[in-house]
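Note that these values count all heavy atoms, side chains included, but never hydrogens, waters or copies made by symmetry.
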Amino acid sequence: MRLSILLLTSASAALVTAHGKVAAVTGDAGGNGTALGIKGAVVPGPGKNSVTEVDTTVFGKTKIATDGLGKTKGGGQNKVAGVQSAMAQSGSTLPQVSDGGSISGTFHIVTTDGAGPVQAMIDSTGTGAFSDGVKADVVTDVPGNKGNIKSNGVVPRTVELWALRARGLVKRASNVNKDYPVKIAVPAGTTCSGTAGGQSNVCFMKIANSNPAGPFGGVIAFQMAGASAATGNSTTAAAGTGTAAAASTSGTTGATTGTGATKAAAGGSTKSAKGATAKRFVA
């Protein structure tokens with residue numbers, strides 16, 4: 001019995017070292033972003049886990065449709081207000097998505113347990129209410145097997161996972177420090193009603209793997225491009241240059257401020273947004 005308890009305790013300690021994060025994203029219609037909590041170039045890629053994992057978002061449950069914005073080791077609980085810090089790094093125009101468009105970006109695998117595949121969920125209220133959100137299709141996925149990858153970037157076979165977990169009882173997850181592209185389709189008809197970082201008409205997208213050691217990933221903010229033209233509402237953003245994202249854009253952006261979030265994916269339904277009084281999840 002003591003041996004069993006010791007093994008379970010050791011396994012738990014080893015598993016919490018896994019990390020993978022959403023480093024930078026762009027919308028198909030322009031704009032840039034980073035995940036909440038990302039610190040940028042000040043965090044080294046290679047090195048000890050204690051210094052490379054500080055801005056990776058960790059979520060509480062493996063199910064993608066769960067509420068909350070996650071937390072990082074270096075910054076604590078992610079909050080809606082963190083959008084402002086993300087914009088300071090990536091530019092003053094959030095990722096802009098056309099109707100039926102997509103979000104593309106870079107998923108940085110920090111350690112061997114922080115890999116793919118990933119899932120994505122859209123919260124149209126911009127509060128972290130992903131349990132009421134819409135699941136988005138992952139078009140370009142992050143490599144991995146149940147969240148695991150080798151330090152050289154090779155995806156392990158299922159039979160190898162047992163060996164990896166066995167080594168995990170006595171050894172921390174190894175540094176990977178590799179970037180992989182990720183692309184996620186945003187369902188046509190999506191509208192955004194959130195307010196964050198001085199921006200209106202904001203949606204949140206949660207991107208995460210399902211590794212029970214975390215799970216790991218990030219939450220990014222975006223807006224639907226062109227929606228303002230139909231409603232007369234607009235959000236003006238100054239030109240911005242980003243250090244964390246692949247490109248920066250400037251101009252006028254905006255999305256409808258409607259009272260509902262339309263789910264236009266197959267089998268979708270329309271639910272009323274929580275509006276300005278919506279509860280903002282931070283865990």
Side-chain angles (χ1 to χ4, degrees), residues 9-25 33-64 66-90 105-116 118-119 128 130 142 144 146-149 151 164-165 168-180 182 196-197 204-221 243-245 280-283:
T9 302
S10 299
S12 298
L15 288 174
V16 295
T17 65
H19 288 77
K21 60 188 179 183
V22 182
V25 291
T34 65
L36 300 179
I38 292 292
K39 295 181 176 296
V42 298
V43 178
K48 296 180 179 179
N49 293 355
S50 59
V51 297
T52 60
E53 298 173 344
V54 294
D55 64 344
T56 302
T57 293
V58 183
F59 298 102
K61 298 180 181 180
T62 56
K63 184 179 178 182
I64 192 70
T66 52
D67 295 330
L69 303 176
K71 61 183 179 181
T72 68
K73 184 186 297 183
Q77 299 285 352
N78 288 327
K79 299 180 180 180
V80 172
V83 170
Q84 187 169 6
S85 296
M87 293 177 70
Q89 295 187 71
S90 58
T106 300
F107 191 95
H108 183 75
I109 298 180
V110 182
T111 56
T112 49
D113 289 343
V118 298
Q119 299 179 78
F130 294 107
V142 181
K146 298 181 179 179
N148 296 281
I149 200 168
S151 57
L164 289 172
R165 290 166 180 164
L169 295 176
V170 294
K171 181 181 179 180
R172 289 174 63 85
S174 301
N175 184 252
V176 176
N177 187 35
K178 292 184 181 296
D179 291 333
Y180 294 93
V182 63
F204 278 166
M205 178 185 287
K206 176 181 179 181
I207 305 170
N209 67 16
S210 57
N211 196 317
F216 306 100
V219 173
I220 62 104
T243 57
R280 294 190 171 183
F281 299 91
V282 296

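Of the inter-residue distances, the one linking Gln84 atom CD with Lys79 atom NZ reads 14.0 Å to the nearest 0.5 angstrom.
In terms of modelled atom types and a separation under 3.5 Å, the side chain of Thr112 and the main chain of Ser174 share a donor-acceptor contact. The backbone N or O of Ile64 sits less than 3.5 Å from a side-chain atom of Lys206, completing a donor-acceptor pair. In this structure a side-chain-to-backbone donor-acceptor pair under 3.5 Å is missing from Asp179 to Thr106. The closest donor-acceptor contact from the side chain of Gln89 to the backbone of Ile38 lies under 3.5 Å. For the pair Asn148 (side chain) and Asp113 (backbone), a donor-acceptor distance under 3.5 Å is absent. Looking only at distances, a side-chain donor or acceptor of Asn175 sits under 3.5 Å from a matching main-chain atom of Gly45.
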For Val54 and Thr72, run side-chain contact (heavy atoms from CB on, under 4.5 Å): C-alpha distance rounded to whole Å, both residues' side-chain angles, the deciding distance at 0.1 Å, then the answer.
CA-CA 6 Å; Val54 294; Thr72 68; over 6 Å; no

Would Phe130 and Val219 count as a side-chain contact (heavy atoms from CB on, under 4.5 Å) here? Give the steps.
CA-CA 11 Å; Phe130 294 107; Val219 173; 4.1 Å; yes

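With contacts defined as side-chain heavy-atom distances shorter than 4.5 Å, the pair Val43/His108 does not qualify. Annotation: side chain of Ile149 is in contact with side chain of Ile109 (closest heavy-atom distance under 4.5 Å). At a threshold of 4.5 Å between non-hydrogen side-chain atoms, the residues Thr66 and Phe59 do not count as touching. A heavy-atom distance below 4.5 Å is found between the side chains of Leu69 and Phe204. Between Asn78 and Thr57, some side-chain heavy-atom pair lies under the 4.5 Å cut-off.
The two atoms that bring Pro215 and Gly60 nearest to each other are CD-C, 4.5 Å, heavy atoms only. Phe216 approaches Phe107 most closely through the heavy-atom pair O-CZ, 4.4 Å. The minimum heavy-atom distance linking Ala35 with Val22 is given by the pair CB-O, 3.3 Å. In plain terms, the two heavy atoms of Thr62 and Ser210 that are nearest each other are CG2-O, 3.5 Å. Closest heavy-atom contact between Asn177 and Pro46: ND2-CD, 3.5 Å. Residue Thr56 comes nearest to Lys21 through the heavy atom pair OG1-CD, 3.9 Å, listed as atom of the first residue, atom of the second, then distance.
Between the side chains of Thr111 and Asn49, no donor-acceptor pair of N or O atoms lies under 3.5 Å.
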